[in-house]
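Have a look at the structure below before the remarks.
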Amino acid sequence: MKISLPETSRLNQKEFTYGVATASFQIEGGYDSRLPCIWDTFCSTQGKIRDGSDGKSACEHLKLWKEDIELIDSLNVDAYRLSLSWGRVINQDGSVNSEGIDFYIQLLDALKRKKIKAFVTLYHWDLPQHIEDNGGWLNRETAFLFQDYADKVSQILGDRVYSYATLNEPFCSSYLGYEAGIHAPGLAQVSYGRQAAHHLLLAHGLAMQVLQKNAPHSLNGIVLNFTPCYPVSNSQQDKKASALADEYFNQWYIKPLLDGRYPDIIDSLEDKDKPVILAGDMDILTQPLDFLGVNFYTRNRYQHCPEQRFKEITMPDVPRTDIGWEIYPQAFTDLLISLDKSYQLPPIYITENGAAMDDKLIAQSVNDLDRVQYYQGHLEALDKAIEAGVNIQGYFAWSLMDNFEWAEGYLKRFGLVYVDYNTQVRTIKASGLAYRDFITARHTDN
C-alpha cells in the first residue's frame, strides 16, 4: 500500500517540507550524563507509568545517533525535528555543560552535511528536577531561567539550526502536568494548571526575544497541540459546551500569543483559579512568530454538564488508534480552516501527526497498513486545508521511531521505525517505506 495525492496537490511540490520528529527524553537515554528531570521523578513514583518503565535507556539515541541519522537520511526527508534536553546542556548553576552541548553540535553538523534541516525544540516537557523543586512552572522565575537557557544555547548553536520552537505543547505541560496530574510533575489543581500555562507562555515570549536576536535567520516560533471539540448533538447546550471546552483546552494557548488576551472563559473561573498576570506580560507573550507549529492527532466530543459546563463523551463504534484516540481526519481540515479564520496566522508547519498502532515484528518486517491508511487520510485532509487557502509549509510525521510514550511507557508504538528495546535494532515499518516513497516520488518528478 502506498501514500499518494493528486499530482496538482501543493503537498507534491518540492518546496513543501517533509520531516520526522522525536523528543529528547523519549529517545536519548544517557541518564547518567544529564541532570535528573521531572519525568525521571515521575517514572520512579509507583503507579504513574503504565508498564512501570522509565526513560533512562529509551532508544539509546545518545549512543546510536550516528546510525539514527543514517536512518533519517534513508527516509529521504527534508527535515528532522528534535528537542534539546535542558538538563543535558545547562548545569544546575546555570553554566553550559560542554559535553552535553557538544553532543547536539555533532548531531546538528551531521544533519547539515546531509542537507537535512534541523527543527529544534527547546522544551519538550523534561524540566530539570532542581527547577521543579523551586516551584517549576508555578514559579515565575522559571520563565526567566528558560530565557537564559534559550539565550545560551542559541548563541552556541548558531546557524546549525534551521528553526527553533520555544515550547512543545504547553497544554500538556500545564494541564496534564499541573492540573490533571497524569503527566509529570503530577500535580492536580485548577489554579496550578492555569498559572503554569501563563508562566510557560511568558517563557515562550521571553525566549522569542533572545532567539530573534541571536538567530535572526532561523524560523522562530512555538508548537501548540489542538484537539478540536465537537458537540455530541446539535442542541444549543451541547454546542455551547463544546465551544467552552475549545476555549479551555485549545484557544487558551493560542489566543494570548496572537490576540494578547486569554479567551472569555477566564472570566468564569473562580478568582482563586485565575492566573496571576503582571502588567506588561501580554506584551511579552505577543512576540511576532515566524511560524506556528500545529500538532494534531484526534478530536474530542462534548455534551452539556450543569456542574462543569462541559463533559467529554467517549463515543462507541468509531475507528480508534491503539492508544484509544478516534481516527477522524476531517477534524484536521476543520481545525486548520477555523484557525485561519480566527487569527492572523504566521506560516504553519504541521509539527506532529501520527498514530499508535498495535505493531508486530514478523520475519523482520512490520506490515502496519493501518498506519499507512492513517497517514493517507490525514495528508488528504491537509491537502483540503491548503486548497481552502491555509498557508501550510511543512509536515512532520510523529514519530521517527517507537519510543518512551510518557505515561504509557513502552506499551504504545508511534514510530515509522520499529524499535526492539532489548537489542535496540531498528526496522523500518511499511509506513516508513510508504512515507519515504511518497517523498521520493515528489523529489524525482519533473
Side-chain angles (χ1 to χ4, degrees), residues 14-30 58-85 88-89 101-124 126 153-154 157-169 215 217-223 290-291 293-295 348-354 375 393-404 414-419 426 428-429 431-433 435-440 442-443:
K14 293 181 179 64
E15 295 75 29
F16 194 84
T17 298
Y18 284 98
V20 287
T22 63
S24 52
F25 189 84
Q26 293 181 271
I27 68 165
E28 281 182 1
C59 304
E60 296 284 14
H61 176 67
L62 197 76
K63 295 177 183 173
L64 303 174
W65 67 270
K66 288 180 182 174
E67 67 180 66
D68 285 341
I69 284 184
E70 294 299 327
L71 187 65
I72 294 165
D73 190 40
S74 77
L75 295 173
N76 279 352
V77 294
D78 309 302
Y80 173 47
R81 179 174 174 245
L82 66 146
S83 76
L84 306 186
S85 165
R88 192 177 296 290
V89 295
I101 201 73
D102 282 349
F103 163 66
Y104 293 113
I105 287 171
Q106 289 181 70
L107 183 72
L108 294 168
D109 283 346
L111 289 169
K112 198 153 195 177
R113 286 193 294 273
K114 300 276 191 188
K115 295 184 170 56
I116 298 170
K117 298 170 184 171
F119 280 65
V120 169
T121 303
L122 292 174
Y123 185 71
H124 199 128
D126 47 352
V153 163
S154 57
L157 297 183
D159 65 358
R160 295 176 176 90
V161 176
Y162 183 83
S163 167
Y164 282 104
T166 53
L167 309 175
N168 178 77
E169 301 183 345
H217 303 299
S218 298
L219 285 176
N220 301 317
I222 189 171
V223 171
D290 297 332
F291 81 98
V294 171
N295 292 356
I348 289 175
Y349 285 81
I350 306 305
T351 33
E352 288 182 27
N353 178 232
Y375 280 115
Q393 298 289 321
Y395 175 93
F396 290 78
W398 183 271
S399 62
L400 167 64
M401 65 178 86
D402 298 333
N403 54 43
F404 178 80
F414 275 86
L416 294 172
V417 175
Y418 186 94
V419 177
R426 279 82 155 124
I428 301 176
K429 302 175 189 177
S431 58
L433 298 173
Y435 190 56
R436 177 200 68 190
D437 291 348
F438 170 64
I439 294 167
T440 305
R442 175 191 58 121
H443 280 311

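Position 1 is the first residue of the sequence; numbering continues from there.
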Among all residues two or more places apart in sequence or in another chain, which pass the side chain to side chain donor-acceptor pair (under 3.5 Å) test with Glu352?
Arg81, Asn295, Tyr297
Mind checking the CZ-CG spacing from Arg436 to Leu416? Nearest 0.5 Å is all I need.
11.5 Å
The criterion is salt bridge (Lys or Arg N to Asp or Glu O under 4.0 Å); which residues satisfy it with Asp402, sequence neighbours excluded?
Arg413, Lys429
List for me each residue that meets side chain to side chain contact (heavy atoms under 4.5 Å, CB included) alongside Ala58, sequence neighbours excluded, and say none if there are none.
Tyr410
Side-chain polar contacts of residues 103-113 - donor-acceptor pairs under 3.5 angstrom, sequence neighbours left out - could you list them?
from, atom 1, to, atom 2, distance (Å)
Tyr104, OH, Glu28, OE1, 3.3
Tyr104, OH, Glu28, OE2, 2.5
Tyr104, OH, Ser85, N, 3.0
Asp109, OD1, Arg160, NE, 2.8
Lys112, NZ, Asp159, O, 2.9

Does any part of the side chain of Ile428, heavy atoms only, come nearer than 4.5 Å to the side chain of Tyr418, both counted from C-beta?
no
I need the Asn76 CG to Phe438 CZ distance, nearest 0.5 Å.
13.0 Å
Interatomic distance, OH@Tyr162 vs OG@Ser218, rounded to 0.5 Å, equals 9.5 Å
Going by the rule ring-ring contact (aromatic ring centres under 6.0 Å, His included), which residues pair with Phe16 if we only count those two or more places apart in sequence or in a different chain?
Tyr18
May I ask you to decide whether Arg426 forms a salt bridge with Asp68, counting only side-chain N to carboxylate O separations under 4.0 Å?
yes
Residue pair Trp398 / Ile350, side-chain heavy-atom distance below 4.5 Å
no
Is the closest side-chain heavy-atom distance between Thr121 and Leu167 below 4.5 Å?
no
To the closest 0.5 Å, what do you measure between CD (Glu169) and OH (Tyr123)?
12.0 Å
Let me confirm one number: the OH-CG distance from Tyr435 to Asp437, rounded to the nearest 0.5 Å.
12.5 Å
Supply the atom-to-atom distance Leu62 CG to Ile27 CD1, rounded to the nearest 0.5 angstrom.
9.5 Å
Checking Tyr395 now: which residues fulfil side chain to side chain donor-acceptor pair (under 3.5 Å) with it, not counting sequence neighbours?
Asn353
Sequence neighbours excluded, the answer for side chain to side chain donor-acceptor pair (under 3.5 Å) partners of Gln393 is Asn391
Non-hydrogen side-chain atoms of Leu75 and Leu400 separated by less than 4.5 Å
yes
Sequence neighbours excluded, the answer for side chain to side chain contact (heavy atoms under 4.5 Å, CB included) partners of Ser163 is Phe119, Leu219, Phe291
Does either side chain, that of Ser83 or that of Ser24, offer a donor lying less than 3.5 Å from an acceptor on the other one?
yes
Between Asn403 (side chain only) and Gln26 (backbone N and O only), is there a donor and an acceptor less than 3.5 Å apart?
no
Partners passing side chain to side chain donor-acceptor pair (under 3.5 Å) against Tyr349 (at least two apart in sequence or in another chain)
none
Would you call Asp78-Arg442 a salt bridge at under 4.0 Å N-O?
yes
Under the salt bridge (Lys or Arg N to Asp or Glu O under 4.0 Å) test, which residues partner Asp73, sequence neighbours left out?
Lys114
